[in-house]
Amino acid sequence: PNGAVKLKAGAREMVRLLCVWTGGTEGGLPRWILAVLAGISPGSGTASDYLSKIKAAGVVVEENGVFTPTDEGFKLWTNPGEMPSGDELLQRHRGAKLKAGAVRMVEILRNVGGEGLTRGELAEHLAAAGTPIERSSGTFSDYSSKIKRTGLVVEINGKLKLSAAWGYCR
């Protein structure tokens, strides 16, 4: 990165992602997708803090909930690189944010794609993959809540499936 603007790594990553995505053309990213791609839970105080700081620094603008880089934002990066791959996106949310069982849930949902799985079907897939977690257990409930809170997964009509954020990966 270039420039004298002082931002935390996560905030800088948000600006970098915007520079890569827009490439100088029109069209930015909604707040929640930007946060997910940066490895930050979209509803967290961290996401709000970083977005406030990058707006205050004048490196992004927000219009109708969509963020785009300014000329100053583009100056931070001579070569912003690429959007994260699906594997990189999942890696950004591992560790302290998602335990191994929750990561396995996301991996299974990636593999089945499309319409997603009911909680019961996901529990069956977990057992078949050697990670038996009872659908009625507190662990299953905790993990499914966490994968939704990260923005990686959504629940629609009783089915867990990958969120739209995955569509922004290379």
Side-chain angles (χ1 to χ4, degrees), residues 1-3 5 7-98 102-117 122 143-157 159-170:
N2 305 318
V5 176
L7 297 169
K8 289 186 177 182
R12 290 186 77 82
E13 177 61 4
M14 288 178 150
V15 178
R16 187 194 73 78
L17 288 166
L18 287 169
C19 290
V20 173
W21 179 252
T22 62
T25 64
E26 295 299 315
L29 292 171
R31 167 200 166 95
W32 79 270
I33 289 178
L34 181 56
V36 172
L37 292 174
I40 303 163
S41 292
S44 70
T46 300
S48 295
D49 181 52
Y50 287 176
L51 291 168
S52 293
K53 286 194 165 96
I54 60 178
K55 285 192 305 185
V59 294
V60 302
V61 292
E62 177 187 13
E63 187 173 331
N64 298 322
V66 175
F67 291 81
T68 53
T70 63
D71 289 342
E72 290 302 311
F74 280 108
K75 288 178 187 175
L76 290 177
W77 301 94
T78 52
N79 180 7
E82 301 178 294
M83 294 300 278
S85 68
D87 289 340
E88 290 165 341
L89 177 61
L90 186 53
Q91 183 62 36
R92 290 173 181 208
H93 290 274
R94 279 183 198 257
K97 297 175 195 168
L98 293 179
V103 170
R104 189 69 191 120
M105 286 177 157
V106 176
E107 290 170 342
I108 288 169
L109 292 170
R110 281 181 72 190
N111 290 336
V112 299
E115 295 297 312
L117 298 170
L122 181 55
Y143 288 177
S144 59
S145 292
K146 284 183 178 167
I147 62 176
K148 291 189 302 182
R149 199 168 36 252
T150 63
L152 294 172
V153 171
V154 294
E155 188 167 11
I156 299 172
N157 296 327
K159 291 200 173 193
L160 295 164
K161 62 190 249 177
L162 299 179
S163 74
W166 293 88
Y168 291 84
C169 294
R170 61 176 156 86

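The residues of the chain are indexed from 1 along the displayed sequence. Quantities reported herein were computed from a predicted structural model and do not represent experimental measurements.
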To the closest 0.5 Å, what do you measure between [atom1] ([X]) and [atom2] ([Y])?
{"X": "M105", "Y": "L122", "atom1": "CE", "atom2": "CG", "result": "5.0 Å"}
{"X": "K159", "Y": "L109", "atom1": "NZ", "atom2": "CG", "result": "11.0 Å"}
{"X": "E62", "Y": "I54", "atom1": "CD", "atom2": "CD1", "result": "9.5 Å"}
{"X": "L29", "Y": "Y168", "atom1": "CG", "atom2": "OH", "result": "6.0 Å"}
{"X": "L160", "Y": "I108", "atom1": "CG", "atom2": "CD1", "result": "11.5 Å"}
{"X": "L34", "Y": "L18", "atom1": "CG", "atom2": "CG", "result": "4.5 Å"}

Applying side-chain hydrogen bond (donor to acceptor under 3.5 Å, both in side chains) as the test, list every pair that has at least one member in residues 28-43; sequence neighbours left out.
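Those involving residues 28-43 are R31-S48.
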Is a salt bridge present between K75 and D71, judged by a nitrogen-to-oxygen distance below 4.0 Å?
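No, this pair does not count.
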Using a strict threshold of under 4.0 Å (side-chain N to carboxylate O), is an ion pair present between E155 and K148?
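The answer is yes: the pair qualifies as a salt bridge.
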Side chains of [X] and [Y]: closer than 4.5 Å at any heavy-atom pair?
{"X": "T68", "Y": "V61", "answer": "yes"}
{"X": "E13", "Y": "R92", "answer": "yes"}
{"X": "M14", "Y": "I40", "answer": "yes"}
{"X": "T22", "Y": "F74", "answer": "yes"}
{"X": "K161", "Y": "V154", "answer": "yes"}
{"X": "D87", "Y": "Q91", "answer": "no"}
{"X": "F67", "Y": "K55", "answer": "yes"}
{"X": "L152", "Y": "W166", "answer": "yes"}

For [X] and [Y], which heavy atoms make the closest approach, and how far apart are they?
{"X": "G151", "Y": "S163", "result": "O-OG, 2.6 Å"}
{"X": "W77", "Y": "G73", "result": "CD1-O, 3.8 Å"}
{"X": "A35", "Y": "A47", "result": "CB-CB, 4.2 Å"}
{"X": "L89", "Y": "L37", "result": "CD1-CA, 3.8 Å"}
{"X": "L17", "Y": "P84", "result": "CD2-CD, 3.6 Å"}
{"X": "V20", "Y": "G81", "result": "CG2-O, 3.5 Å"}

Sub-3.5 Å donor-acceptor pair from the side chain of H93 to the main-chain atoms of V36, do we have one?
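Yes: the side chain of H93 pairs with the backbone of V36.
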R104 and E107: CA distance, side-chain angles, deciding distance, salt bridge (Lys or Arg N to Asp or Glu O under 4.0 Å) verdict
CA-CA 5 Å; R104 189 69 191 120; E107 290 170 342; 3.2 Å; yes
In chain order, what residues pass the side-chain hydrogen bond (donor to acceptor under 3.5 Å, both in side chains) check against E82, with sequence neighbours excluded?
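Listed in chain order: R170.
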